[in-house]
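Working notes, beginning with the structure itself.
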2 protein chains.
Amino acid sequence: MATRTDAPTRREQILKEAARLFAERGFHGVGVDEIGAAVGISGPGLYRHFAGKDAMLAELLVGISESLLTGAKRRLTEADGARGTAPEAVLDSLIEGHIDFALDDRPLITLHDRELDRLRDADRKLVRQLQRQYVELWVAVVRRLYPDLAEPAARSAVHSVFGLLNSTPHLTRPGSLPDRAGTAELLHRMARGAFAAAADS
Amino acid sequence: MATRTDAPTRREQILKEAARLFAERGFHGVGVDEIGAAVGISGPGLYRHFAGKDAMLAELLVGISESLLTGAKRRLTEADGARGTAPEAVLDSLIEGHIDFALDDRPLITLHDRELDRLRDADRKLVRQLQRQYVELWVAVVRRLYPDLAEPAARSAVHSVFGLLNSTPHLTRPGSLPDRAGTAELLHRMARGAFAAAADS
DNA sequence: CAGGGAGGTTAGCGGTCGTTAACCTGAAGG
DNA sequence: CCTTCAGGTTAACGACCGCTAACCTCCCTG
């Protein structure tokens, strides 16, 4: 199997650069020639690897959604494996996973809630379904920790915390490069504080 | 002067529909013919009111930024007029203003952090400057309330809370139409909780 | 009642974009 | 050594898009 240290395949290069460009200038704002140039080939050469520009976006968005969901499921089952894991610890694990993703793959996080409507119907439905599962998983964990929080409010709170955590692309604009660990910890504390405040009717 | 109950002028109609369409499908994803059709005229008729598609986006983004900033300044001076206003009350007022904006003008909030890079250099610089002033105003208020919070952390916290408050476009997707007051209050509590947690080193 | 401007219309130009077609090349394999 | 094929190339097509040109109507006003 492919290990992390393997040279990235051409497809992976293309996807990475396409994600960056789409995040920077929007799906319609990027031409295939630019994507090709970003990986050292030119325009139509991309069609040896993808059926079209739409297919690149679809693969990116489906990949993000699947990755987020499977990561969250894994963290949840790990916690349930050690039975009696405190609900706080489970929520902390979810938050940590989401922050890691937001900090390490900013372009993908940006695309995730920005270009969904550019997908073909089938792909969009798939992504929406994955996203919904991810949200509901969070909602369940949050309500286990705060049983008095009504479900609609919990769902709104989860969406809002996603907004908070996904704000990372706006943070490092001037390149001040704040240490990753500090940023992660700040975001984590704020997310917990926001949930606690939401539950504190 | 024009009162709120006047019939909206054609320019205003166009701006409103353009904002909605840009938010839905992205600046490059909307054609001038669609914008025209949305207000009952067709395509090139728009050029009697705007110099071009770029000009519409510029006016929208500059308008948003100015509106946010002047609203915040007004709230701040009102609070300072009543000398000795508690820092909590000032922050509450800022939060309330931002929430009102996010709930009442969702398309604009969406555009605000999504299409900035599509502007001409001069306009983009202007918008960036207005945004920066708005952020710094919040930072000052937050630090008055939480003096132990270092400035970079406060700035990050403000950006993150904006992310939280601006998540409203994601909330009402299925049209469940949750009552506005309840949503506003939930968001308000979460924002305060997030700030408190950020300051709680 | 002339006329002029505000605010439309349709036709069409020039440029860009996604995609396809046709061709090339170097390396692997029998 | 010939073949094959993955992975490129350039040329070009058709569609679309922003914008301009030219023209048409009301409606207001002197």
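Each chain gets a letter, A, B and so on, in the order the sequences are listed, and its residues count up from 1. Just so it is clear, the model here is predicted, and its values are computed rather than measured.
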Are [X] and [Y] close enough that some pair of their side-chain heavy atoms sits under 4.5 Å apart?
{"X": "B:Ile35", "Y": "B:Leu46", "result": "yes"}
{"X": "A:Phe27", "Y": "B:His28", "result": "no"}
{"X": "A:Glu96", "Y": "A:Asp92", "result": "no"}

End axis versus end axis in the helix from C:dC1-D:dG30 to C:dG30-D:dC1, the angle rounded to 10°, five pairs used at each terminus: 0°
Note: [X]-[Y] ion pair, threshold 4.0 Å (strictly below):
{"X": "A:Lys16", "Y": "A:Glu12", "result": "no"}
{"X": "A:Glu88", "Y": "A:Arg192", "result": "no"}
{"X": "B:Asp54", "Y": "B:Arg118", "result": "no"}

Whether each nucleotide of nucleotides 11-24 of chain C has a protein heavy atom under 4.0 Å at its base (B), only at its sugar-phosphate (S) or at neither (-) is summarised, 5' to 3', as B------SBB-BB-
Going 5' to 3' along DNA chain D, which are the first and last nucleotides with any atom under 4.0 Å from a heavy atom of chain B? D:dG18 to D:dC23
Please check: side-chain N/O of A:Ser67 versus main-chain N/O of A:Gly63, any donor-acceptor pairing under 3.5 Å? no
Any sub-3.5 Å donor-acceptor pair from B:Arg106's side-chain atoms to B:Thr168's backbone N or O? yes
What verdict does the salt bridge (Lys or Arg N to Asp or Glu O under 4.0 Å) test give for A:Arg189 and A:Glu185, after you've listed the backbone C-alpha separation in whole Å, the side-chain angles of each residue and the deciding distance to 0.1 Å? CA-CA 6 Å; A:Arg189 262 187 286 130; A:Glu185 201 227 328; 3.2 Å; yes
Can you confirm whether the side chains of B:His112 and B:Asn166 place a donor and an acceptor under 3.5 Å from each other? no
